[in-house]
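A, B, ... follow the sequence lines: proteins, then strands. Residue 1 opens every chain.
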There are 2 protein chains.
Amino acid sequence: MLPFLRRLRERLGPQGYADAADELAPWLTDWRGRVTGKALAMVSPASLEEVRFVVQAAAQEGVPLAPQGGNTSMVAGATPDADGRALLLSMRRMRKIRSVSGEDNALVAEAGVILSDVHDAAEAGDRFFPLSLAAKGSATVGGLVSTNAGGVQVLRYGTMRALTLGLETVLADGTVHHGLKPLRKDNRGYDLKHLLIGAEGTLGVVTAATLALVPRPVERVTAWAGLARLPAALALLRRMEAATGGQVSSFELLPQCGLDLVLAHLPAARSPLGGRHEWQVLIEADTARPGDPLAAIVQQALADALEAGEIADAVIAQSAAQAEAFWLLRESMSEAERREGPAAKHDVAVTVGDMPAFILQTTPEVEAAFPGARVLAFGHLGDGNVHFNVRPPLGDGGEWLGRHIDAINRFVHDAVTAMGGTLSAEHGIGVTKRDEFARLAAPGQLEWMRSIKQALDPKGIMNPGKLLPPCE
Amino acid sequence: MLPFLRRLRERLGPQGYADAADELAPWLTDWRGRVTGKALAMVSPASLEEVRFVVQAAAQEGVPLAPQGGNTSMVAGATPDADGRALLLSMRRMRKIRSVSGEDNALVAEAGVILSDVHDAAEAGDRFFPLSLAAKGSATVGGLVSTNAGGVQVLRYGTMRALTLGLETVLADGTVHHGLKPLRKDNRGYDLKHLLIGAEGTLGVVTAATLALVPRPVERVTAWAGLARLPAALALLRRMEAATGGQVSSFELLPQCGLDLVLAHLPAARSPLGGRHEWQVLIEADTARPGDPLAAIVQQALADALEAGEIADAVIAQSAAQAEAFWLLRESMSEAERREGPAAKHDVAVTVGDMPAFILQTTPEVEAAFPGARVLAFGHLGDGNVHFNVRPPLGDGGEWLGRHIDAINRFVHDAVTAMGGTLSAEHGIGVTKRDEFARLAAPGQLEWMRSIKQALDPKGIMNPGKLLPPCE
């Protein structure tokens with residue numbers, strides 16, 4: 001055993017150090033199963049001091065660190081490189097919620113706290129933490145911060161960036177940045193917090209975060225509507241916003257063909273609407289005001305939208321159970337699609353106003369360029385974020401996809417870039433989008449990113465291989 | 001004339017170039033009149049291309065640039081150094097509003113657009129731009145972004161950072177960063193926009209910004225309350241938030257002694273409440289929902305607060321004119337104080353929950369350390385941002401202050417730092433807070449800031465002397 005590893009084992013103890021192949025194995029492959037790496041060992045520090053010890057030791061030895069939370073990255077951003085030089089730095093033992101403050105509307109959670117535990121702690125403090133996503137039972141605070149996670153309520157409450165009031169971080173040289181105080185105004189120069197958010201662990205290790213809480217909603221109104229045509233979604237969104245006074249929290253788009261997949265996958269589920277509509281939306285508004293007649297307001301707004309010809313039909317969930325059933329349809333999209341077979345998936349975004357045009361233009365272009373390919377586009381219309389997935393022709397499968405996937409990825413990413421959009425809306429870059437990111441980066445962009453990386457991590461030990469391609 | 005200056009004059013034309021002393025003079029002293037600099041010349045580019053030309057030329061020659069908008073910096077952040085080596089880069093001719101989009105809830109304004117023109121353009125597009133401050137008739141978009149401006153509605157809508165959806169910037173090497181698309185989700189690595197916001201022009205020149213718009217409020221409810229005691233302000237704030245469902249937009253604190261100053265200064269003004277109360281608050285809630293019974297809700301919440309003993313008295317403005325009269329009292333605080341004589345002013349912040357304790361502890365400490373000194377603390381309680389001003393003893397003036405101001409500044413900044421707060425809440429660092437910032441910086445902070453500065457501006461031409469002290 002290397003003396004360096006022996007020092008780590010001695011300091012971290014048996015719970016904090018593992019190098020047996022079977023203990024490491026579950027954490028060396030990303031959860032989508034696309035990338036497998038190797039590591040010298042897995043270290044699991046349980047305190048800020050232990051993280052600092054690990055980072056300082058790694059910096060001294062020039063050993064790379066691959067930080068990992070719940071291992072739910074969509075882009076293999078938490079999987080160590082295959083060269084086996086790195087330490088896997090698991091943050092899962094840092095799982096304390098340090099405080100919940102109603103006076104400050106803030107909660108301090110360590111990096112390894114699971115998102116659903118944040119939800120519970122906020123609720124116990126009579127507040128609400130408004131970021132949620134499918135992996136909430138596994139994804140951890142450190143990973144959510146480092147990927148600037150999004151989800152289904154960004155429209156009203158913002159991404160993780162908007163909800164992160166402070167960070168405690170160990171920088172690449174072992175310096176600790178103590179920035180947890182939830183100062184609502186603080187103008188002391190460059191904002192390190194915002195540089196670390198979304199940096200995918202390449203500039204430092206987030207050890208804890210102060211998260212913003214909001215008043216707890218006392219009522220949610222959940223509706224389902226069939227659009228008259230896709231571009232009407234924009235008018236409908238702004239109508240709902242105006243009628244409710246800005247309280248629309250989700251505005252999710254699904255095509256009929258996607259709903260059909262879900263209904264086939266969930267035999268007990270029913271379509272919310274009687275008829276078929278090429279495009280459908282799940283709308284949710286919430287209110288934290290006791291006695292707010294929000295349901296009646298949403299109902300009237302939908303009636304007005306029907307009158308205006310924006311929608312062809314709509315229904316409001318009459319119970320919490322029915323609202324959950326609506327959400328289950330939306331949240332089962334990815335799984336139903338996965339069951340049907342493999343697809344080339346794209347987490348892209350354009351502006352909200354451009355989203356209908358992006359879907360309507362790009363779909364036939366892709367289907368023409370790749371004959372038989374079937375596009376399935378759904379997602380967060382209120383954020384301009386579409387999951388634009390391309391499935392093989394009926395009867396074809398992985399083999400067809402294997403031949404075409406690189407070309408399809410380039411085609412979709414070119415289309416979104418041409419519209420001024422982004423090839424990564426909420427999943428980040430990690431490993432699996434790294435080359436496409438580099439190919440489509442704006443002039444100068446890789447250069448200034450590399451300069452910042454070099455400035456904060458001159459030895460290149462923080463999660464190398466992610467986000468930025470290695471220099472040649 | 002230097003060949004370099006001749007090239008600039010030829011390219012920018014007579015409107016874009018000035019070097020006569022009388023033309024430069026108004027822009028060489030900061031508006032608080034504390035710092036006067038010199039400049040080779042003033043260049044006033046009118047387009048992105050012209051800004052790029054200036055920056056490239058300056059980079060080639062190694063000539064520093066001091067960007068300036070409305071010259072309303074509170075910390076002399078837009079005043080060139082006294083050595084006279086810099087070009088004053090006026091952004092005031094870049095004053096086009098390029099677009100207003102209801103579909104995207106976004107407005108694109110060039111750097112030189114004045115804040116009140118942003119307000120007007122948003123309103124013309126049936127939307128609202130929710131950042132406002134006293135200098136709104138002069139302050140420009142570029143400066144507001146570069147100082148991450150705050151103001152009186154941050155509690156609900158955030159600072160300039162939260163309201164900036166995109167930036168167009170010329171970096172120090174003349175590269176243009178085209179980032180105006182209002183993508184609500186975009187996770188492509190390090191966020192240059194957030195690094196430039198609040199960087200005080202030391203990393204690049206902001207040429208245009210995409211600003212977030214929100215639904216236009218249809219009603220504002222403005223109230224004035226006398227607190228039973230200062231700490232009750234916190235319970236009152238969270239009560240109002242809960243009752244309105246998070247629609248409190250301003251929560252401003254004033255002491256009775258401050259109100260007395262204002263009333264003496266504005267003979268036609270009246271105190272909103274009959275009695276005297278040591279601490280008073282101006283509360284505003286707004287709603288964008290037609291028909292929202294917000295006034296009744298605020299009234300009931302204030303009645304409940306009276307019942308709970310949080311407040312001793314309260315009144316709701318019965319007309320727009322009365323609401324304006326309330327705001328005039330608050331907004332005249334600085335001017336009334338200025339008329340009374342000089343003071344040592346501190347724009348500091350702690351967490352919202354810590355703000356009463358900060359005022360109650362620090363006031364007697366300062367008055368004990370500087371016998372006769374009179375503290376006047378007021379500000380944005382909802383953001384934890386207090387303007388903590390220390391006035392000379394009655395009968396004393398500038399001479400007393402001249403002897404004590406450095407020690408007072410250190411005393412107040414030490415107190416706020418000990419509580420985990422910030423010595424600059426919303427004004428930035430500029431020149432006048434630079435040394436205190438450096439003195440109280442966290443271990444490692446100046447080093448990582450210098451690394452970032454070096455990475456993005458290796459020649460040190462962007463607004464040198466601001467924010468970071470020169471290396472020795």
Colleague: What residue in Asp354(B), Leu165(B), Leu180(B), Thr202(B) has the most heavy-atom pairs under 4.5 Å with chain A?
Modeller: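 The residue among Asp354(B), Leu165(B), Leu180(B), Thr202(B) with the greatest pair count is Thr202(B).
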
Colleague: Can you see whether Glu241(B) engages Asn105(A) through a side-chain donor-acceptor pair at a distance of less than 3.5 angstrom?
Modeller: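 Result is yes, a qualifying pair exists.
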
Colleague: Identify which of Pro293(B), Pro182(B), Ala441(B) forms the greatest number of heavy-atom pairs closer than 4.5 Å to chain A.
Modeller: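 Maximum pair count with chain A is reached by Pro182(B).
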
Colleague: Name the member of Asp347(A), Thr287(A), Leu203(A), Asp173(A) that forms the most heavy-atom pairs with chain B at distances under 4.5 Å.
Modeller: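 So the answer, after comparing Asp347(A), Thr287(A), Leu203(A), Asp173(A), is Leu203(A).
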
Colleague: Considering only heavy atoms, which portion of Gln247(B) lies under 4.5 Å from any heavy atom of chain A: side chain, backbone, both, or neither?
Modeller: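 Contact with chain A: side chain only.
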
Colleague: Does any heavy atom of chain B fall under 4.5 Å from the side chain of Met419(A), the backbone, both, or neither of them?
Modeller: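 It is the backbone, since no side chain atom gets that close.
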
Colleague: Minimum heavy-atom separation for Arg184(B) to Thr159(A), with atom names?
Modeller: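 Nearest heavy atoms, Arg184(B) then Thr159(A): O-CG2, 4.1 Å.
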
Colleague: Where does the angle between the aromatic ring planes of His194(A) and His194(B) fall among parallel (under 30°), tilted (30 to 60°) and perpendicular (over 60°)?
Modeller: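 Ring orientation of His194(A) relative to His194(B): parallel.
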
Colleague: Go through the atoms of Ile452(A) and report whether side chain, backbone, both or neither lie under 4.5 Å from a heavy atom of chain B.
Modeller: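 Ile452(A) touches chain B through backbone and side-chain heavy atoms alike.
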
Colleague: So which atom in Thr422(B) and which in Arg188(A) form the shortest heavy-atom distance, rounded to 0.1 Å?
Modeller: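 Smallest interatomic distance, heavy atoms only, reads OG1-NE, 3.0 Å.
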
Colleague: Do side-chain atoms of Asn187(A) reach the backbone of Glu426(B) as a donor and acceptor pair under 3.5 angstrom?
Modeller: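 Checked: pair present.
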
Colleague: Answer with side chain, backbone, both or neither: which region of Leu192(B) has an atom nearer than 4.5 Å to a non-hydrogen atom of chain A?
Modeller: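 For Leu192(B), the contact with chain A is made by backbone and side chain together.
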
Colleague: Need one label for Pro443(B): side chain, backbone, both or neither, based on atoms under 4.5 Å from any heavy atom in chain A.
Modeller: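 Only the backbone of Pro443(B) comes within 4.5 Å of chain A.
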
Colleague: Whether the side chain of Asp104(A) engages the backbone of Thr351(B) through a donor-acceptor N/O pair (distance < 3.5 Å, no angle test) should be reported.
Modeller: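 Here the side-chain-to-backbone pair does not exist.
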
Colleague: In Å and rounded to the nearest 0.5 Å, what is the CH2 to CG distance from Trp448(A) to Leu195(B)?
Modeller: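 Between atom CH2 of Trp448(A) and atom CG of Leu195(B) there are 8.0 Å.
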
Colleague: Side chain, backbone, both or neither: which part of Leu456(B) has an atom under 4.5 Å from a heavy atom of chain A?
Modeller: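 For Leu456(B), side-chain heavy atoms alone lie under 4.5 Å from chain A.
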
Colleague: Of the listed residues (Leu423(A), Leu155(A), Asp292(A)), which shares the most heavy-atom pairs with chain B below a 4.5 Å separation?
Modeller: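 Sorted descending by pairs with chain B, the first entry is Asp292(A).
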
Colleague: For each of Gly421(B), Gly384(B), Ala235(B), tally heavy-atom pairs with chain A at distances under 4.5 Å, and name the one with the top tally.
Modeller: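 Most heavy-atom pairs within the cutoff with chain A belong to Gly421(B).
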
Colleague: For a 4.5 angstrom cut-off between non-hydrogen side-chain atoms, does Leu467(A) reach Tyr190(B)?
Modeller: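 With C-beta onward as the side chain, the pair touches.
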
Colleague: Can you tell which of Gly353(B), Pro290(B), Gly179(B) has the highest number of heavy-atom pairs within less than 4.5 Å of chain A?
Modeller: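 When all of Gly353(B), Pro290(B), Gly179(B) are compared, Gly353(B) has the most.
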
Colleague: Could you look at Leu196(A) and say if it's the side chain, the backbone, both or neither that has a heavy atom under 4.5 Å from chain B?
Modeller: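 It is neither, since no heavy atom gets under 4.5 Å.
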
Colleague: What are the two closest non-hydrogen atoms of Lys185(A) and Asn385(B), and how far apart are they?
Modeller: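 For Lys185(A) and Asn385(B), the tightest heavy-atom pair comes out as NZ-OD1, 3.1 Å.
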
Colleague: Contact part of Lys466(B) toward chain A, heavy-atom cut-off under 4.5 Å: side chain, backbone, both or neither?
Modeller: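 Lys466(B) has no heavy atom closer than 4.5 Å to chain A.
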
Colleague: Taking the side chain from Asp186(B) and the backbone from Ala425(A), do they hold a donor-acceptor pair closer than 3.5 Å?
Modeller: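 No: the side chain of Asp186(B) does not pair with the backbone of Ala425(A).
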
Colleague: Is Val214(A) close to chain B through its backbone or its side chain, or both, or neither, when contacts mean heavy atoms under 4.5 Å?
Modeller: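 Neither; nothing under 4.5 Å.
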
Colleague: Would you mind checking which part of Ala243(B) comes under 4.5 Å of any heavy atom in chain A, side chain (CB onward), backbone (N, CA, C, O), both or neither?
Modeller: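 The answer is the backbone of Ala243(B).
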
Colleague: Heavy-atom distance under 4.5 Å to chain B: side chain of Lys193(A), backbone, both or neither?
Modeller: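 Neither the backbone nor the side chain of Lys193(A) comes within 4.5 Å of chain B.
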
Colleague: Looking only at heavy atoms, what is the nearest atom pair of Val350(B) and Leu183(A), with distance?
Modeller: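 In terms of heavy atoms, the two residues are closest at C-CD2, 3.4 Å.
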
Colleague: Need one label for Ala349(B): side chain, backbone, both or neither, based on atoms under 4.5 Å from any heavy atom in chain A.
Modeller: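 Looking at Ala349(B), backbone and side chain both touch chain A.
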
Colleague: Please classify the contact of Pro215(A) with chain B as side chain, backbone, both or neither, using a heavy-atom distance under 4.5 Å.
Modeller: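 For Pro215(A), side-chain heavy atoms alone lie under 4.5 Å from chain B.
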
Colleague: Side chain, backbone, both or neither: which part of His380(B) has a heavy atom under 4.5 Å from chain A?
Modeller: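 Contact with chain A is through the side chain of His380(B) alone.
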
Colleague: Select one option (side chain, backbone, both, neither) describing which atoms of Ile429(B) are under 4.5 Å from chain A's heavy atoms.
Modeller: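 Both backbone and side chain.
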
Colleague: Heavy atoms only: give me the nearest Ile297(B)-Arg289(A) pair and the separation to one decimal.
Modeller: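 Heavy-atom minimum between the residues: CD1-NH1, 3.3 Å.
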
Colleague: Of all of Gly246(B), Ala442(B), Ala162(B), Gly102(B), which one pairs up most often with chain A through heavy atoms under 4.5 Å apart?
Modeller: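 With the most close heavy-atom pairs to chain A, the winner is Gly102(B).
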
Colleague: With a 4.5 angstrom heavy-atom cut-off, could you sort out which part of Arg216(B) is near chain A: side chain, backbone, both or neither?
Modeller: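 Contact with chain A involves no heavy atom of Arg216(B) at all.
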
Colleague: Out of Val218(A), Ile197(A), Thr244(A), which one racks up the most heavy-atom pairs below 4.5 Å with chain B?
Modeller: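 It is Thr244(A).
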
Colleague: For the candidates Asp126(B), Leu171(B), Asp191(B), which exhibits the highest count of non-hydrogen atom pairs separated by less than 4.5 Å from chain A?
Modeller: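 Sorted descending by pairs with chain A, the first entry is Asp191(B).
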
Colleague: Quick check on the interface: out of Gly189(A), Ala199(A), Gly444(A), who has the most heavy-atom pairs with chain B under 4.5 Å?
Modeller: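 Looking at each option in turn, the highest pair count goes to Gly189(A).
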
Colleague: Non-hydrogen atoms of chain A under 4.5 Å away: do they reach the side chain of Thr147(B), the backbone, both or neither?
Modeller: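 The answer is the backbone of Thr147(B).
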
Colleague: Does any backbone or side-chain atom of Leu237(B) lie under 4.5 Å from a heavy atom of chain A? Answer side chain, backbone, both or neither.
Modeller: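 Neither; nothing under 4.5 Å.
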
Colleague: Tell me, do Arg127(A) and Arg238(B) make a side-chain contact under 4.5 Å, heavy atoms counted?
Modeller: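 Yes - at least one pair of side-chain heavy atoms lies under 4.5 Å apart.
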
Colleague: Where is the tightest heavy-atom contact between Ser451(B) and Ala455(A), given as atom of each residue plus distance?
Modeller: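 Reported closest heavy-atom pair: O-CB, 3.4 Å.
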
